[in-house]
2 protein chains.
Amino acid sequence: MNYNEAKDKFISTWGALGTLWGINKAMAQIHALLWISPEPLSMEDIMEELHISRGNTSMNLRQLMDWGIVFKESKPGERKEYFISEKDVQELARQVAKERSRREIKPVIKVLREVSGIENDGSKKTEELIKQTKSLYELADSADTMMNKIVNQESNWITKTLMKLIK
Amino acid sequence: MNYNEAKDKFISTWGALGTLWGINKAMAQIHALLWISPEPLSMEDIMEELHISRGNTSMNLRQLMDWGIVFKESKPGERKEYFISEKDVQELARQVAKERSRREIKPVIKVLREVSGIENDGSKKTEELIKQTKSLYELADSADTMMNKIVNQESNWITKTLMKLIK
DNA sequence: TTAAACTTTCAAAAATTACTGAAAGTTTAA
DNA sequence: TTAAACTTTCAGTAATTTTTGAAAGTTTAA
C-alpha cells in the first residue's frame with residue numbers, strides 16, 4: 001500500500017465510520033483529510049481533494065469549527081483562509097466527548113429524569129415505566145459524569161485511565 | 001405529566017437519540033416501547049402503538065433480535081408471537097457495546113493498523129499520515145479493549161467501574 | 001470608495017435511507 | 001393434506017438528509 005492508497009483508505013473509512021455514528025460523510029472526510037495533512041489547507045484544496053462543492057465544504061468546515069476540532073489559520077500576506085485540525089488525539093477525544101455530552105446526552109438525561117419522576121399511581125405499567133427509565137437515567141448519568149471527568153482532566157487522563165482499567 | 005405523556009415523551013426522545021447516533025427511529029422506538037412494557041407485545045400491538053407498518057415492524061424487530069436486546073416469546077396455546085426486551089440496563093449496555101465494537105470499531109481498527117503500517121518513505125506527508133493514524137489506532141484500540149472488558153465482566157461491572165472513576 | 005478575492009447562504013436537485021403494503025413464505029392445528 | 005393464522009420479504013414510494021451552485025455577503029488592498 002503506497003501513500004495515496006493509504007490516504008484514500010483512511011479518508012473513506014473515517015467517512016464511513018462517521019456515517020454509522022450519525023456524522024455526515026463530508027464532515028468526517030474533511031476532518032480526516034486535515035487530520036493527516038502536515039500543512040494547513042485552503043477551501044480549494046479540500047474541494048479538490050474530496051471532490052465536493054464549495055458550499056458543502058464551507059458548511060462542514062463551520063460545523064467542525066463549532067465542534068472545536070478544526071481551526072482557521074490565516075497566512076500572513078494572504079487573503080485566503082486556511083484550515084488546520086486539532087492534532088492531539090487526546091484533545092480530539094475530549095472535545096468530541098464534551099460536545100456529544102452537551103448536545104445529545106444531557107438533554108436525554110433531563111427527559112429521563114422528568115419521565116422517571118412522574119407520580120406513581122401504583123399501576124403495573126406506571127411502575128414499569130418508572131423503574132425502567134430510572135435505571136436508564138442512572139446509567140446515562142454516570143456515563144455522562146465520566147465523560148465530564150474526561151473533559152475536565154489533563155489531556156492524557158484518558159489513556160492513563162483506560163490503561164488502568166485494562167490491566 | 002401523566003402516564004401517557006411520559007410514555008410518549010420517552011419513546012420519542014429515545015427515537016431521536018437513536019437517530020443522532022446512527023440508529024433508525026423505528027428501531028429505537030420499538031426498543032423503547034418494549035423496554036417499558038411490563039408484558040410481552042405482539043406485532044399488532046407495536047404497529048398500533050407506534051403507527052408503523054407490518055413490514056417496518058418485522059424488519060426492525062429482526063434487527064433488535066440480531067443485536068441481542070429483544071427476544072421472541074411464545075405464549076402457550078397461542079399462534080401469535082410476542083416480543084420482550086432485555087430488561088437489565090447493564091446487560092443492555094454490554095450487548096450494545098459488544099455489537100458496536102464487533103460491527104464498527106473492530107473493522108476501523110484493522111484499517112488504522114494497516115494504514116499506519118505503510119512503509120515510511122521519509123516524506124513529510126507520509127510521516128504525518130503514519131503518526132496521526134497511529135495515535136488514532138492506539139486510542140481506538142484501548143477504547144475497544146475497555147469495551148471488551150465491559151462485555152466479558154459480570155453484569156454490574158460497568159456501574160462499579162464508573163463509580164470508581166467518578167469518586 | 002471601489003473592485004477583486006474570497007466566504008457564506010440557501011433554494012433546488014440529487015442521493016440516501018426508511019417505510020409501506022401486498023404477495024410469498026411459514027407454521028400449526030385439525 | 002389443507003387452510004387459517006401468522007411472519008417475512010421486497011419492489012416501489014415517501015421522507016429525509018446531503019449536496020450543489022449561483023447569488024449575496026464580506027473583507028481587504030489600493
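Every chain is numbered from 1, with letters handed out A, B, ... down the list of sequences. The model shown is predicted, which means the values in this text are computed figures rather than measured ones. Side chains included, hydrogens not; waters and symmetry mates left out as well; all remaining heavy atoms used.
- For B/S53, the side-chain contact (heavy atoms from CB on, under 4.5 Å) test picks out B/N56, with sequence neighbours left out.
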Symbol by symbol from the 5' end, with Watson-Crick or G-U pairs under 3.5 Å, [ ] crossing and | another strand, DNA chain D is ||||||||||||||||||||||||||||||
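- In this structure, B/W67 and B/R103 have side chains that are in contact, with non-hydrogen atoms separated by less than 4.5 Å.
- Contact of the B/W35 side chain with the B/L92 side chain is registered, since non-hydrogen atoms from C-beta on lie closer than 4.5 Å.
- Rounding to whole angstrom units, CG of residue A/N24 and P of C/dA15 are separated by 16 Å.
- Of the possible polar contacts, none joining the B/W14 side chain to the B/H31 backbone as a donor-acceptor pair under 3.5 Å is found.
- Summarising the geometry, the separation between NZ on B/K25 and P on C/dT16 is reported as 22 Å, rounded to the nearest angstrom.
- Taking the charged nitrogens against the carboxylate oxygens, A/K7 and A/E49 do have a contact shorter than 4.0 Å, which makes a salt bridge.
- Between A/K80 and A/E44 there is no salt bridge, since no side-chain N of the basic residue sits under 4.0 Å from a carboxylate O of the acidic one.
- A heavy atom closer than 4.0 Å to some atom of DNA chain C occurs in B/H51, B/I52, B/S53, B/G55, B/N56, B/R79, these being the qualifying members of residues 48-85 of chain B.
- Near DNA chain D, meaning a heavy atom under 4.0 Å away, the residues from residues 37-46 of chain B are B/M43.
- Proximity of B/R102 to B/E99: side-chain heavy atoms (C-beta onward) are separated by under 4.5 Å at one or more points.
- Chaining together hydrophobic side chains whose heavy atoms lie under 4.5 Å apart leaves B/Y82 on its own.
- Taking every nucleotide of DNA chain D with any atom under 4.0 Å from a non-hydrogen atom of chain B, the first and last of them, 5' to 3', are D/dA4 to D/dC10.
- In the hydrophobic cluster analysis, where Ile, Leu, Val, Met, Phe, Trp and Tyr join through side-chain heavy atoms closer than 4.5 angstrom, B/L64 is grouped apart from B/F71.
- B/T57 OG1 to B/M43 CE: the interatomic distance, rounded to the nearest 0.5 Å, is 6.5 Å.
- Between the NZ atom in B/K9 and the CG atom in A/L129 there is a gap of 12.5 Å [rounded to 0.5 Å].
- With B/N148 contributing its side chain and B/T145 its backbone, the two residues share no donor-acceptor pair below 3.5 Å.
- Within the cation-pi definition used here (under 6.0 Å to the ring centroid, within 45° of the axis), B/R100 qualifies as a partner of A/W21.
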